[in-house]
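Worth knowing before you read on, the calculation uses all heavy atoms, side chains too, and leaves out hydrogens, waters and symmetry mates.
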Amino acid sequence: MMYFGEGVVKGMMVTLKAFVASYFKGPEDGGLFTVEYPEQRLPEKENFRNFPFLIYDNTPDNLRCVACDICAKECPPKCIYIVREFDKDNKPLKRPAVFNIDHTVCMNCGICEEACPFDAIYMDHNFEIASAERNENLLFRKDKLLKSNEYFHKIRPTDAMAIDERRAAAEAKKKAAEAAAAQKAAAAQAAPKPAALPAEPPKAE
Amino acid sequence: MNKIFEAKDINLAGINSSLLEVNIGPQHPSTHGVFRMNAVLDGEVIVSLKPVMGYLHRNHEQIAENMSYAASMPYTDRLDYFNSMSNNLGYALSVEKLAGLEVPERAEYIRVIMAELTRLINHIAVIGFLLNDLGAFFTPVLYAFREREKILDIFEEISGSRMMCNYLRFGGVKRDLSPAILERIRGVVTAFPRFLEEFETLLTKNEILCMRCQNVGVLSPELAVNASITGPLLRASGVNYDIRKVDGYSVYPRFQFKVPLGPKGDVYDRYYVRILEMRESLKILDQALSTIPAGEIMSKKMIPFLKSPRNFKPPVGEAYARVEAPKGELGFYVVSDGTPQPWRYHVRAPSFINLTILEDMCLGQKVADAIIILGSVDIVLGEVDR
């Protein structure tokens with residue numbers, strides 16, 4: 001049998017316990033839990049995704065993006081805007097002239113990263129992008145989006161290693177295929193003509 | 001449903017009184033978002049109460065009909081932003097049903113673990129906010145959010161985002177759970193009962209809570225069934241209906257758990273049913289964590305479509321899949337015409353349908369009780385208005 005007010009008193013004991021613990025105990029044992037951002041920060045989680053960035057190898061001219069427009073098409077809120085670069089003879093180049101991402105529209109879903117077939121766009125960890133001006137400062141243009149592969153290794157080492165290994169393997173495979181094709185072509189040229197006739201002409205890589 | 005309360009017992013002789021119309025909301029801390037209650041009061045008693053919604057309408061369904069199937073997965077996170085994982089699960093199940101996809105065992109277990117973790121998050125947060133509405137300003141909420149934070153950290157680690165997880169994919173999940181994360185989830189699950197004990201000591205037998213909540217906003221089982229109420233609201237009225245048991249989707253039939261029912265259907269029962277449901281969720285989590293098999297996390301058929309979601313074209317047909325989301329029956333109805341976009345996409349949002357009963361529960365109650373009745377219905381305006 002409970003007397004009236006026992007529940008309230010017992011509840012108050014819980015809060016009293018928490019109050020005392022907040023002075024003497026760590027966060028694991030029921031003590032203070034708060035992290036006083038921005039002076040204190042929690043360690044960054046590797047998989048944390050915030051805003052996309054464009055990745056380049058070695059120099060900023062050497063960016064991986066080929067302006068294929070796949071991320072812009074897959075982007076759910078359509079926040080990516082890409083214009084392909086053309087050379088003097090109006091021939092399309094495999095690089096973007098304009099690459100804009102609007103941060104006011106982007107919802108950080110990470111679909112661009114998943115859809116990109118060239119490992120060119122990845123999600124960043126930078127979440128402190130607040131700004132007093134929303135038109136120019138929150139529209140991220142190409143120069144603001146470009147970040148090096150080293151930066152990617154710094155923020156997401158596991159993913160970056162796996163991707164680099166995959167890219168290296170693909171590169172090696174491509175080189176081997178090219179070498180094999182060159183060898184085949186050389187062999188076809190060296191061989192007497194009747195023998196080469198039924199074979200397919202070597203495909204240019 | 002529209003009976004007018006007759007204030008027979010109130011002696012109005014000699015008092016020049018008339019009905020007073022009060023708008024609670026749309027921007028009011030107790031309305032849990034931009035939601036308005038158009039209440040007509042006789043003194044302090046509610047005579048009529050009309051919920052007014054639509055302030056947060058974002059055209060979710062139309063947007064989803066204009067993009068590829070996979071691209072609306074992140075939008076489902078934003079329906080009920082407390083429980084993005086169960087929203088993902090509902091949508092993934094409906095598209096898998098449409099396309100006839102098999103999901104690997106391990107992925108199913110991961111999905112169940114995630115869905116149950118969201119249930120824990122939702123129920124503690126809801127109870128905290130209910131106490132907020134009662135006037136226990138922010139103490140219970142912060143106790144609840146302390147535990148919620150631990151689960152959100154796990155979500156951030158595996159999916160990349162605390163609330164907008166976007167973690168499930170058609171035919172599997174986005175990323176495997178490492179043994180370290182499974183160990184952390186187990187840590188949360190083993191530490192959670194201690195927190196629940198503390199939380200219950202703080203609240204369950206508190207006389208103020210009992211007096212404010214018992215016999216307030218009673219919902220009869222007949223009315224609940226007729227108005228197609230689902231979730232803890234229905235079970236608090238004593239109707240044994242849990243889609244995890246009724247439908248047995250995913251791998252739920254393999255787990256032993258009970259469906260807690262409330263005796264009366266008042267606000268207190270809704271509070272207590274949620275506490276009991278958390279205990280059952282912990283049982284499911286315990287079983288799932290100890291029996292999770294090794295293996296693939298994505299169906300082989302769907303791996304190529306991860307890179308090119310636009311090429312994923314389910315066969316012509318329609319599918320409806322539902323899950324027991326923490327708020328009730330969350331259903332996704334998808335019609336395919338063989339193109340990369342759904343021809344029709346509809347969400348059966350539990351909080352929207354649970355809101356339809358609000359007036360019937362509030363009639364004859366005091367204004368202050370209307371606030372806690374709304375708090376006990378558990379709505380999220382992202383889902384109500386879509």
Side-chain angles (χ1 to χ4, degrees), chain A residues 2-19 21-22 27-35 42-50 68-71 73-78 106-119 122-125 127 156 158-159, chain B residues 63-64 66-68 70-78 131 136 139-140 142-143 145-147 149-150 153-162 164-167 169 174-175 178 181 187 191 194-195 197-211 305-310 340:
Chain A
M2 276 177 75
Y3 58 87
F4 187 79
E6 193 184 336
V8 175
V9 172
K10 276 188 178 161
M12 294 301 253
M13 290 306 285
V14 171
T15 53
L16 182 70
K17 221 171 108 191
F19 173 70
S22 71
E28 294 308 312
D29 317 312
L32 267 193
F33 204 76
T34 318
V35 176
L42 291 169
E44 272 182 6
K45 311 254 186 329
E46 208 189 312
N47 291 333
F48 173 64
R49 56 182 148 84
N50 201 45
C68 64
D69 224 26
I70 287 177
C71 55
K73 275 188 196 125
E74 295 297 346
C75 176
K78 304 270 179 286
C106 175
M107 62 178 187
N108 309 326
C109 61
I111 282 192
C112 48
E113 162 185 309
E114 271 172 56
C116 181
F118 300 97
D119 307 314
Y122 279 102
M123 298 304 278
D124 204 343
H125 281 189
F127 55 92
R156 288 165 63 178
T158 325
D159 288 348
Chain B
I63 288 173
N66 286 318
M67 59 174 62
S68 67
S72 39
M73 188 63 95
Y75 280 108
T76 61
D77 292 337
R78 283 140 179 95
L131 266 289
T139 305
L142 290 177
Y143 277 81
F145 270 35
R146 189 184 64 198
E147 291 313 297
E149 207 61 30
K150 292 176 189 165
D153 276 353
I154 291 170
F155 281 178
E156 187 177 358
E157 205 144 302
I158 56 171
S159 72
S161 191
R162 282 154 44 87
M164 304 297 142
C165 296
N166 187 18
Y167 178 60
R169 294 289 176 271
K174 187 178 165 189
R175 199 178 263 124
S178 67
I181 288 180
R194 210 180 106 202
F195 159 74
E197 286 300 322
E198 187 190 27
F199 208 50
E200 276 211 73
T201 326
L202 187 64
L203 302 174
T204 303
K205 285 186 180 156
N206 187 309
E207 280 80 5
I208 305 171
L209 180 100
C210 294
M211 285 159 86
F305 295 117
L306 281 180
K307 277 276 173 204
S308 56
R310 284 234 144 236

Which region of [X], side chain (C-beta onward) or backbone (N, CA, C, O), has a non-hydrogen atom less than 4.5 Å from a non-hydrogen atom of chain A, or is it both or neither?
X	answer
B/Ala64	neither
B/Arg162	neither
B/Thr201	both
B/Glu149	side chain
B/Ile158	backbone
B/Cys165	backbone
B/Ser68	side chain
B/Tyr143	side chain
B/Asn66	neither

Answer whether the closest heavy-atom distance between the side chains of [X] and [Y] falls below 4.5 Å.
X	Y	value
A/Phe48	B/Glu157	no
B/Glu156	A/Asn47	no
A/Cys109	B/Met164	no

Quiz prompt | Closest heavy-atom pair and its distance - A/Tyr3, B/Glu207 | solution = O-OE2, 3.8 Å
Self-check item: A/Ile111 to B/Ala70 - nearest heavy-atom pair and separation
Solution: CD1-O, 3.9 Å
Measure the spacing between [atom1] of [X] and [atom2] of [Y] and express it to the nearest 0.5 Å.
X	Y	atom1	atom2	answer
A/Arg49	B/Asn166	CZ	CG	5.0 Å
B/Arg310	A/Ile70	CZ	CD1	11.5 Å
B/Ile63	A/Lys78	CD1	NZ	10.5 Å

Practice problem: Under 4.5 Å heavy-atom distance to chain B, tell me which part of A/Cys75 shows up: side chain, backbone, both or neither. | Solution: neither
Quiz item: Which atoms of A/Thr15 come close to chain B, meaning under 4.5 Å heavy atom to heavy atom: side chain ones, backbone ones, both, or neither?
Solution: both
Quiz item: Can you name the one residue among A/Lys73, A/Glu74, A/Glu114 that meets side-chain contact (heavy atoms from CB on, under 4.5 Å) with B/Pro309?
Solution: A/Glu74
Quiz prompt | Candidate list B/Leu209, B/Leu202, B/Asn206, test side-chain contact (heavy atoms from CB on, under 4.5 Å), partner A/Val8, passing option | solution = B/Asn206
Quiz item: Between B/Leu142, B/Asp153, B/Asp77, which shows the greatest number of heavy-atom pairs under 4.5 Å with chain A?
Solution: B/Asp153
Practice problem: Against chain B, work out which of A/Met13, A/Lys45, A/Lys10, A/Met12 has the most heavy-atom pairs shorter than 4.5 Å and name it. | Solution: A/Lys45
Quiz item: Is any NZ, NE, NH1 or NH2 atom of the basic residue among B/Glu198 and A/Lys17 found under 4.0 Å from an Asp or Glu carboxylate oxygen of the other?
Solution: no
